[in-house]
Every structure is written in structure tokens, then in C-alpha cells.
S.K.: 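The structure under discussion is supplied below as C-alpha cells; questions concerning it will follow.
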Amino acid sequence: MMPIRCLLAMLGTDVHTKGIRTLAQLLRDQGVEVIYLGEHNTAEGLIQALMTEDADVVGLSFSTATYLHYTRDLLDKMRAAGVGDVPVMLGGLIHPDDEPALREMGVRGLFGPGSTLPQIVAFLEQTTGKTLPVRSARAG
Amino acid sequence: MMHGAPEESALAALARGDFRAAARLITRIENADPSVQDIVATLYRRGGGTPVIGVTGPPGAGKSTLIDGLLARLRARHARVAVLAVDPSSPFSGGAILGDRVRMIRHNTDPGVFIRSMAARGRLGGLARATSDALSVLDAMDFGAILVETVGVGQSEIDILRFARTVLVVQTPAAGDAVQAVKAGVLEVGDVFVVNKADAPGADRAVSALRESVEFRAHAAGLEAWTPPVLKAQANEERGLDEVLAAIEAHAAHLAAHPQQNAARRRAQAMAQLVEHVAECLRMRHSLAPARTDRFEAQINALAERTVDPQTAAKQLLEGLV
């Protein structure tokens with residue numbers, strides 16, 4: 001059995017954790033092992049956690065308009081640290097106008113308002129090459 | 001075997017203290033990758049040098065926060081410290097939310113701290129199936145100490161006994177009265193007891209109830225036995241943590257001063273590990289020889305049909321050993 005290990009975190013001073021906490025529970029119910037880092041992370045701290053946890057994918061949540069800055073900074077530092085190959089997805093209040101810039105930086109998954117769980121699950125399976133267990137009746 | 005060269009390079013990477021190499025090895029262990037068996041076996045034989053401190057107690061008692069505070073203090077003495085934090089897996093989906101690190105976030109930027117979260121992946125008793133092998137990996141990396149946080153399931157949580165030099169049991173003032181304190185279970189495995197959240201009402205009463213049952217047991221164990229201290233702490237305010245660390249060190253000193261007790265502890269741990277691995281081999285039948293598998297299945301069938309009783313079936317299965 002090889003569960004998907006997904007790091008979920010927020011960077012900077014954003015304190016709106018409702019979304020990321022909800023996603024953590026939804027992913028757990030899909031069979032994902034969520035490594036939950038919560039809010040107030042730095043890029044350096046997130047990268048060290050990513051290394052010791054050997055996570056398959058990183059999910060960031062933003063509810064403030066600072067995401068371009070923080071995401072660029074994180075991706076640059078991930079590449080410098082040799083973990084630039086780990087896929088990064090963004091969720092929260094992501095404006096469609098910013099999507100091209102985020103894609104260009106190297107963000108692999110974008111899940112702004114209106115995104116659905118099946119879309120996120122499909123992204124996780126596709127980028128990690130792992131399959132999530134069949135949903136149980138309870139979780140479904 | 002083909003494993004020689006990669007095995008040596010993995011061992012060298014661990015000896016260098018390579019966090020990523022360790023993290024990847026632990027992932028392979030978690031995924032039951034058979035190619036790590038040789039490395040893990042070598043590590044176990046060479047290991048045992050790093051003190052393992054187990055932290056157990058009910059959910060919400062403050063285990064992660066206590067570890068956060070201990071980490072800060074241990075880092076003042078050691079160049080490198082590791083944490084292995086186990087959280088429960090969902091029995092429905094197999095997924096998990098591994099959230100212990102949230103309390104230790106200030107250590108994420110410290111290159112001398114290695115924190116790894118593990119999902120229990122379906123084994124009761126609190127410690128993940130792969131925890132002992134992961135401990136062997138960390139043991140090879142020259143950490144000053146390894147802290148292990150268990151799933152907070154409460155009284156039945158005694159798995160940690162198999163691995164730890166010192167077991168810390170964390171309780172809260174809400175843990176209950178003297179009757180709860182004398183119930184068998186987690187109280188019998190602790191080397192140091194901490195009543196956390198000591199600012200909450202009832203802390204002194206909880207301490208005296210715990211102390212009563214702990215000292216009663218220590219007294220019965222003889223004059224030379226270790227008497228587990230019962231301490232008050234407020235981990236989120238960093239109160240009482242110096243005393244907790246001092247108690248952990250006093251326990252280590254006690255074991256060093258009483259080599260017979262230390263040997264007895266190690267032997268009891270070795271036996272528990274062996275029994276657990278034998279049970280695991282039986283549960284995972286593919287590791288049995290075909291002839292043995294047939295016998296095992298036959299005994300299960302006989303037992304199900306009540307043509308044999310469990311005790312006789314076990315004896316027949318262990319023919320030559322019992």
C-alpha cells in the first residue's frame with residue numbers, strides 16, 4: 001500500500017484556516033495521508049518539513065492577495081533546495097487573472113473558488129502516479 | 001545479493017546525517033518495500049546507542065506541545081534531535097491527518113531537528129507498524145535523543161514500552177480521580193508522569209492521586225526500583241519543562257546505576273518485539289513456509305469448527321517449541 005502523502009500549509013500572515021482544514025478532512029476521507037502544517041509557515045520551514053516528511057505533493061491555501069509573492073518565493077527556494085520536482089497546488093481565493101503567472105512559475109494545480117473535490121483528487125492521482133483507495137460508503 | 005553497494009551508500013548517507021536519505025528510507029519502510037529489509041537488519045544490529053524517549057497519553061493531553069518544549073531544551077544540549085510522531089489512520093478510508101507538527105512549527109527552520117509524522121496504518125496499540133524500523137534509521141544518525149509521540153488512545157497504549165528507554169505519560173487534571181489512577185494500563189508503563197495543563201482546576205488532586213498509585217507500585221517493586229516522579233507542567237507556557245527533562249535524565253542515570261534493571265528492561269523489550277514479529281508473520285501468511293501455512297489454516301478451521309481448543313491448537317502449531 002502506498003498512500004499519497006500531501007503536505008498542506010499556509011504561508012505568511014494569512015489566518016483563514018477554514019478552507020485548508022476542510023480540505024484536510026476531505027482528503028483524509030479519500031485515503032490521503034495529510035501532513036498538516038497549519039498557518040504561519042515560512043518557505044524555509046515548509047521545505048525542511050517537506051524533506052523530512054518525504055511528501056509527494058504540497059498544497060498551499062491563500063485567502064489574501066499575497067499569493068503571487070509567497071508562491072514565487074517558495075518555488076524558487078524549493079528549486080534551490082533540490083525539491084523543485086515536488087508538485088505544488090494552490091487553493092483558496094485565487095483570481096483567474098493570476099493563473100497564467102502562477103502556471104509560469106511552476107504551480108501545477110490551481111483550485112480557486114468553485115473547484116471540486118474530484119478535480120483535486122484527479123490532480124493528486126495524476127501528479128503522484130498513485131491511486132487512492134476506493135471511496136468507502138461512509139466517506140462517499 | 002545485489003543489495004551490497006546501495007546498502008553501503010544508504011548507511012553512509014545516514015552516518016553523514018543526511019535528512020533526505022533518512023526520509024526516503026522511512027517512506028520505503030512505511031510502504032513495506034522488501035528491498036529495505038537488509039538495511040534495516042544491519043541498522044538494528046549496529047543500533048541501540050541513541051536514547052529513545054516515548055511520550056504517551058490521551059488525545060489532547062498536550063503531548064505535541066510538551067515535545068515542542070522538550071525539543072528546545074534538548075537542542076541546547078545536543079547538535080541534533082529527532083521526533084517521530086504517530087497519528088491514527090482512518091479505519092474507513094485509510095487516510096490520516098498528521099497534525100502533531102503544528103505544535104512544533106518553530107523547529108521547522110532548525111536544521112538540527114528532524115521531525116517525521118507517521119500514520120498508524122491500521123495497527124492498534126498506538127505505534128505504527130513501521131515505527132521500530134524507522135527508529136533504527138534515526139538511531140544510525142547520531143541524534144542526541146529521539147522523541148516518539150504515540151497515538152493518544154489512552155489506557156491500552158503500551159506499545160511504546162518495546163522501544164523507549166524512558167516513557168513519559170502525560171495526563172491532564174481532567175483525567176479523573178483516584179479510582180482512574182489505580183486502574184491497570186498506561187499507568188503501569190510510565191517512568192515519568194506529567195500532569196499537564198496544571199493551571200486547570202484539580203491539578204493538585206490529580207497529582208496526589210497519581211502519586212499515590214505510582215508510589216504504591218514502586219514500593220511493591222522493591223527498594224532498588226525506580227520511583228516514577230509525578231510532575232506538574234504547563235507546556236504551552238513552558239512551565240515545568242526543565243523539571244520534566246531533569247526527571248528523564250534522572251531515569252537514565254538510574255538505569256545506568258542499576259545495570260541489572262537496565263538489562264531486565266532491554267530483555268523484556270526484546271521479548272515483546274519478538275512475540276510481536278512472530279504474530280505479525282502469522283498475520284501476514286505469505287511469509288510462512290507452504291507446509292506451515294497448510295498447518296496454520298488447518299488449525300484455524302479446526303478451531304472454527306470447535307474440534308480443538310485455542311490452547312491445544314497453539315501448542316500443536318508451535319510443536320517442538322512448547
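Order of the sequence lines sets the chain letters (A, B, ...), proteins ahead of strands, with each chain counted from 1. The analysis underlying the following values was restricted to heavy atoms, covering all of them including side chains, and did not include hydrogens, waters or symmetry mates. Worth saying up front: this structure is predicted, and the values here are computed from it rather than measured.
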S.K.: Looking at chain A, which one of B:His107, B:Arg103, B:Arg24 has the largest number of heavy-atom pairs inside 4.5 Å, strictly under?
M.R.: B:Arg24
S.K.: What pair of heavy atoms forms the shortest contact from A:Arg28 to B:Ala96, and how long is it?
M.R.: CG-N, 3.4 Å
S.K.: Spell out the residues in residues 48-75 of chain A that have some non-hydrogen atom less than 4.5 Å away from a non-hydrogen atom of chain B, in order of number; otherwise answer 'none'.
M.R.: A:Gln48, A:Ala49, A:Met51, A:Thr52, A:Glu53, A:Asp54
S.K.: Which pair of non-hydrogen atoms, one from A:Leu37 and one from B:Val102, has the smallest distance, and what is that distance?
M.R.: C-CG2, 3.8 Å
S.K.: Has the side chain of A:Arg5 got a donor or acceptor atom that lies under 3.5 Å from a matching backbone atom of B:Thr27?
M.R.: no
S.K.: Given a strict heavy-atom distance threshold of 4.5 Å, which part of A:Glu39 is in contact with chain B: side chain, backbone, both, or neither?
M.R.: backbone
S.K.: Between A:Pro133 and B:Ser93, which heavy-atom pair has the shortest distance, and what is it?
M.R.: CG-O, 3.5 Å
S.K.: Please classify the contact of B:Ile105 with chain A as side chain, backbone, both or neither, using a heavy-atom distance under 4.5 Å.
M.R.: side chain
S.K.: For residues 101-112 of chain A, dump all side-chain donor-acceptor pairs below 3.5 Å to protein atoms at least two apart in sequence or in another chain.
M.R.:
residue	atom	partner	partner atom	Å
A:Arg103	NH1	A:Arg108	O	2.8

S.K.: For B:Phe296, I'd like to know if atom CZ has over 12 heavy atoms of other residues, nucleotides or ligands within 6.0 Å.
M.R.: yes
S.K.: Among B:Ile97, B:Asp87, B:Leu98, B:Ile115, exactly one meets side-chain contact (heavy atoms from CB on, under 4.5 Å) together with A:Ile35. Which residue is that?
M.R.: B:Leu98
S.K.: So for B:Asp100, is it side chain, backbone, both, or neither that comes closer than 4.5 Å to the heavy atoms of chain A?
M.R.: neither
S.K.: Can you measure from CG (B:Asn31) to CE (A:Met2) and round to the nearest 0.5 angstrom?
M.R.: 4.5 Å
